[in-house]
Amino acid sequence: MTAPAVSISGQDADALGGDDSILMRQRRDHARLDAMMNRYLSEDLPPGDRNSLWLDIVRLVFSHAFAEETVLWPLLRRVAPDGEELTRQVEEEHQAINELVARIERSPDDPRRAEWIQQAFALIRQDIRDEEDELLPQLRTAFDDRTLRRVGAAWEAVRATAPTRPHPGVPRRPPGNALRGVPLSAFDRLRDLAPGSGPAARRASLAAAGAVAAGGPAARRASLAAAGAVAAGGAVVLAVRAARRHG
């Protein structure tokens with residue numbers, strides 16, 4: 001094991017490589033997620049707003065995590081002596097979140113839904129702490145500011161076209177996550193055009209599947225999004241090469 005890492009949670013932008021560095025991008029997403037979860041749990045939030053906010057949380061959680069698994073954790077395994085152990089732990093957390101949120105989405109009327117959402121939020125908060133306290137500081141140690149910004153750009157490109165829903169059957173590591181996740185991203189983003197969890201949402205999901213099969217305009221837009229995710233792989237390669245130069 002390496003020496004205890006210094007958490008990125010209390011450091012300013014200059015210390016973390018600038019506003020566009022991967023560390024600051026991660027911090028901003030984590031802070032946004034924390035605020036969204038707190039708002040969801042507030043008692044004065046109208047039910048309709050709560051459902052919409054839940055979908056926003058889901059979309060952010062899974063696009064964020066997919067980009068981490070595609071860009072960040074492969075780099076960390078290369079540059080950190082205990083990178084394999086650290087990333088395996090976080091991948092297990094991501095898998096648990098995938099499975100729990102998939103259960104929530106399958107069971108919109110289950111009386112245990114509120115309890116499951118609380119459990120999902122607890123897992124997400126633990127994941128944030130592990131990443132900011134243990135994993136991300138390793139990237140600060142390994143890379144200079146310019147490389148952290150390049151990695152941040154690669155991560156952002158992948159996140160912009162990543163799957164936005166839980167997919168427990170998708171591997172947590174490349175290349176399997178990209179091979180199976182990119183086609184699902186197209187499907188997810190069609191579903192996002194008609195969000196919800198009731199019968200209307202299920203009809204929208206069927207319509208999305210039909211649109212993908214038929215190759216209509218919506219499918220073409222989703223395919224472009226998926227193609228963007230594949231193209232972002234070039235940025236990932238640059239980040240990996242940067243890691244090798246500093247390895």
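All of these numbers come straight from a predicted model, not from anything done at the bench. Values below: all heavy atoms of this structure, side chains included; hydrogens, waters and symmetry mates excluded.
Ring geometry for Phe121 against Tyr40 counts as perpendicular: the plane angle is over 60°, on a 0 to 90° scale with 30° as the lower cut.
Under the 3.5 Å distance criterion, the side-chain polar atoms of Gln118 are left unmatched by any main-chain donor or acceptor of Ala114. Using a distance-only test at 3.5 Å, with no hydrogens or angles considered, a donor-acceptor pair links the side chain of Asn38 to the main chain of Asp34. Under a 3.5 Å cut-off, the side chain of Arg28 and the backbone N or O of Asp19 do form a donor-acceptor pair. Side-chain atoms of Arg140 come within 3.5 Å of backbone N or O of Phe143 as a donor-acceptor pair. Checked by atom type and distance alone, the side chain of Ser107 never pairs as donor or acceptor with a backbone atom of Ile104 at under 3.5 Å. Under a 3.5 Å cut-off, the side chain of Asp82 and the backbone N or O of Glu85 do not form any donor-acceptor pair. Panel note: side chain Arg77, backbone Leu72; no donor-acceptor pair is recorded below 3.5 Å. Counting only distance, with no hydrogens or angles, the side chain of Ser52 and the backbone of Gly48 share no donor-acceptor pair below 3.5 Å.
Remark: His167 pairs with no residue by the ring-ring contact (aromatic ring centres under 6.0 Å, His included) rule, at least two apart or across chains.
Between Glu69 and Arg173 there is no salt bridge, since none of the side-chain N atoms of the basic residue sits less than 4.0 Å from a carboxylate O of the acidic one. The pair Arg27-Glu132 fails the salt-bridge criterion, with no side-chain N (NZ, NE, NH1 or NH2) lying under 4.0 Å from an Asp/Glu carboxylate O. A salt bridge links Asp192 with Arg165: the closest approach of a Lys/Arg side-chain nitrogen to an acidic carboxylate oxygen falls below 4.0 angstrom.
A donor-acceptor contact closer than 3.5 angstrom links the side chains of Asp144 and Thr147. Between the side chains of Glu99 and Gln95, at least one donor-acceptor pair of N or O atoms lies under 3.5 Å. Side-chain polar atoms of Ser185 and Arg189 form a donor-acceptor pair below 3.5 angstrom. With no hydrogens or angles considered, no side-chain donor-acceptor pair links Arg149 and Ser21 at under 3.5 Å.
Distance check: Glu156 CD to Thr161 OG1 gives 10.0 Å after rounding to the nearest 0.5 Å. Within the model, atoms CG of Leu60 and CG of Asp29 stand 5.0 Å from one another, a figure rounded to the nearest 0.5 Å. Rounding to the nearest 0.5 Å gives a distance of 13.0 Å between OG1 of Thr70 and CZ of Arg159. Between the CG atom of Leu23 and the CG atom of Leu136 there is a distance of 6.0 Å, given to the nearest 0.5 Å.
Across all their heavy atoms, Trp155 and Val71 have their closest contact at CA-CG2, 4.0 Å. In terms of heavy-atom proximity, Pro171 sits nearest to Arg180 at CD-CD, 3.8 Å. Heavy-atom minimum distance, Ser9 versus Ser7: OG-OG, 2.8 Å. Among all heavy-atom pairs drawn from Arg50 and Leu45, the shortest one is NH2-O, 2.9 Å. Closest of all the heavy-atom pairs between Gly17 and Leu148 is CA-CD1, 4.4 Å. Here the closest heavy-atom approach between residue Ala120 and residue Leu100 is recorded as N-CD2, 3.3 Å.
Leu179 and Phe66 end up in different hydrophobic clusters when Ile, Leu, Val, Met, Phe, Trp and Tyr side chains are linked at under 4.5 Å. Met37 and Ile97 fall within the same hydrophobic cluster, where Ile, Leu, Val, Met, Phe, Trp and Tyr residues are linked whenever their side-chain heavy atoms come under 4.5 Å apart, directly or through other members. In terms of hydrophobic clustering, with Ile, Leu, Val, Met, Phe, Trp and Tyr side chains grouped at heavy-atom distances under 4.5 Å, Leu193 and Leu184 are assigned to different clusters. The hydrophobic clustering, which links ILVMFWY residues whose side-chain heavy atoms are closer than 4.5 Å, places Leu123 and Leu53 together. Transitive grouping of hydrophobic side chains (ILVMFWY, heavy atoms separated by less than 4.5 Å) keeps Val101 and Val170 in distinct clusters.
Contact annotation: the side chain of Pro174 approaches that of Pro74 to within less than 4.5 Å [non-hydrogen atoms, C-beta and beyond].
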Pair Asp56, Arg59 - check salt bridge (charged side-chain N to carboxylate O under 4.0 Å, His left out), show working.
CA-CA 5 Å; Asp56 288 342; Arg59 284 191 283 263; 2.7 Å; yes
